[in-house]
Amino acid sequence: MNMQGLRPDRFDSAGQDQLVDVRDLQAALPGIRRLRTWAHEALALQPGESAVDVGSGTGTEVIAFADAVGPTGTAIGVEPDPQLLTSAERRAEQAGSTAKFHSGDAYGLPFGANTFDAALCERVFQHLTAPSRAANEIARVLKPGGRVVVVDSDWGTAIVHPGDRQVVRDVVDTLIAATTNPFSGRRLPGLLTKAGLVIDEVGSHALVQDRTVGAGSLVNRISAMAVARGSITERQRDQLIADLKRGAETGDVHLSVTMFAVLAHRPH
């Protein structure tokens, strides 16, 4: 998964939502790791199986897949960013891993039908204008009985406290407007079902901002965007930032967004 920064050429959104990512929350990494642990346990890869990570970034999950499937199995990452592909290949080589990487994106996976026992796709769908195409591609490359975990944020679950409720609502609406597919998390089960997959489990994890940070980088940037689009005034933004700073000092602060992870399989 790409932890190095999202690039406009990685998705089809012309870069408009590249400012918006869960990694801006100070506590995001531990939460994302917990969801990844859940994903690996849910996929339960066995020696000799084949697995693909769609949007594999720097390759960490593919290397973990390769360890799980062993020398008789196959672990492949698909990533459109050539720099990330190079980084992933270097990382795999240094680790002595059998992980392989291919250039490609979620709309056109470079594999035949019925190829993989398992698939993973993390934080890609929120950037897609046609997420149903990606869901169909994942279903296509899975073998009958194959399973997939898709993980994504749902920016409609964002909580900002304290602050004037209307100002907070306007800031969250700006966050939603700045994202290509902002309600991706809640839409995942329906998309995968429509693609012919069967939902087995839905997990979630609220990524909660470090309480000592105050507004943090995400709220600072999105509130500035809200001023620029005329949703709130500069004075309202200053007040919100001050409220959050004071909240951080007194312990009365909460910023979070919920990520969802859906386990599904292709029926026999």
Side-chain angles (χ1 to χ4, degrees), residues 1-11 15 18 21-112 115-127 134 137-138 141-143 146-153 203 205 207 210 217 259 261 263:
M1 306 310 138
N2 177 13
M3 304 307 294
Q4 304 304 315
L6 300 172
R7 294 167 172 79
D9 61 354
R10 183 170 156 82
F11 306 104
Q18 302 313 310
D21 193 71
V22 294
R23 287 167 295 113
D24 287 310
L25 291 171
Q26 197 78 2
L29 278 178
I32 290 170
R33 288 194 195 103
R34 281 190 283 272
L35 272 180
R36 286 181 180 163
T37 298
W38 182 90
H40 284 280
E41 290 173 353
L43 290 173
L45 283 168
Q46 301 299 311
E49 289 192 315
S50 55
V52 62
D53 182 6
V54 180
S56 52
T58 55
T60 53
E61 307 314 296
V62 188
I63 292 171
F65 281 170
D67 289 343
V69 300
T72 61
T74 304
I76 297 176
V78 177
E79 170 59 50
D81 187 314
Q83 289 178 306
L84 287 171
L85 274 177
T86 300
S87 172
E89 287 167 348
R90 188 183 308 119
R91 178 173 290 192
E93 185 179 355
Q94 289 170 348
S97 174
T98 57
K100 304 294 182 192
F101 298 90
H102 290 271
S103 178
D105 61 36
Y107 291 150
L109 300 177
F111 312 105
T115 300
F116 294 101
D117 296 294
L120 176 68
C121 185
E122 182 195 314
R123 286 180 296 133
V124 171
F125 275 64
Q126 66 177 306
H127 301 285
E137 271 295 273
I138 289 171
V141 301
L142 281 179
K143 296 176 182 177
R147 61 267 188 212
V148 60
V149 169
V150 183
V151 181
D152 225 321
S153 319
H205 191 91
L207 303 179
D210 186 309
S217 60
M259 291 186 73
L263 171 66

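Starting from 1, each residue takes its place in the sequence as its number.
The shortest distance between side-chain heavy atoms of Lys143 and Ser50 falls below 4.5 Å. Side-chain atoms of Val52 and Leu109, non-hydrogen and from C-beta on, never get closer than 4.5 Å to each other. Looking at Met259 and Ile32, their side chains come closer than 4.5 Å, going by heavy atoms from C-beta outward. Side-chain contact between Val148 and Leu263 is absent, with no heavy atoms from C-beta onward closer than 4.5 Å.
In this structure, the separation between CG on Leu85 and OG on Ser56 is 6.5 Å, given to the nearest 0.5 Å. Put simply, OG1 on Thr58 and CD1 on Ile63 are 8.0 Å apart, with the number rounded to the nearest 0.5 Å. The structure places CD of Glu122 at 8.5 Å from OG of Ser153, a figure rounded to the nearest 0.5 Å. With rounding to the nearest 0.5 angstrom, the CZ atom of Arg147 is 6.0 Å from the CG atom of Asp117. Within the model, atoms OG1 of Thr98 and CG of Asp67 stand 7.5 Å from one another, a figure rounded to the nearest 0.5 Å. Of the inter-residue distances, the one linking Ile138 atom CD1 with Phe125 atom CZ reads 4.0 Å to the nearest 0.5 angstrom.
The minimum heavy-atom distance between Gly55 and Val124, with the atom names listed, is CA-CG2, 4.2 Å. When all heavy atoms are compared, the tightest approach of Leu43 to Ala118 is CD2-CB, 4.2 Å. Across all their heavy atoms, Val69 and Thr72 have their closest contact at O-OG1, 4.0 Å.
Thr86 contributes a side-chain N or O that, together with a main-chain N or O of Pro82, makes up a donor-acceptor pair within less than 3.5 Å. In terms of modelled atom types and a separation under 3.5 Å, the side chain of Thr115 and the main chain of Phe111 share no donor-acceptor contact. Between the Glu49 side chain and the Gln46 main chain, a donor and an acceptor come within less than 3.5 Å of each other.
Listed by first then second residue, pairs satisfying ring-ring contact (aromatic ring centres under 6.0 Å, His included) with a partner in residues 67-101 number zero, not counting sequence neighbours.
No more than 12 heavy-atom neighbours from other residues, nucleotides or ligands sit within 6.0 angstrom of NZ on Lys100.
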Going through the distances and angles, do Val78 and Asp105 end up as a side-chain contact (heavy atoms from CB on, under 4.5 Å)?
CA-CA 7 Å; Val78 177; Asp105 61 36; 6.0 Å; no
When you look at Trp38 and Val151, which way does the side-chain contact (heavy atoms from CB on, under 4.5 Å) test go after all the steps?
CA-CA 11 Å; Trp38 182 90; Val151 181; over 6 Å; no
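Judged purely by distance below 3.5 Å, without hydrogens or angles, the side chains of His40 and Glu61 pair a donor atom with an acceptor atom.
Checked for salt-bridge contact, Arg123 and Asp152 miss the test: no charged N lies under 4.0 Å from a carboxylate O. Ion pairing of Arg36 with Glu41 is absent here, as no side-chain N (NZ or NE/NH1/NH2) approaches a carboxylate O to less than 4.0 Å.
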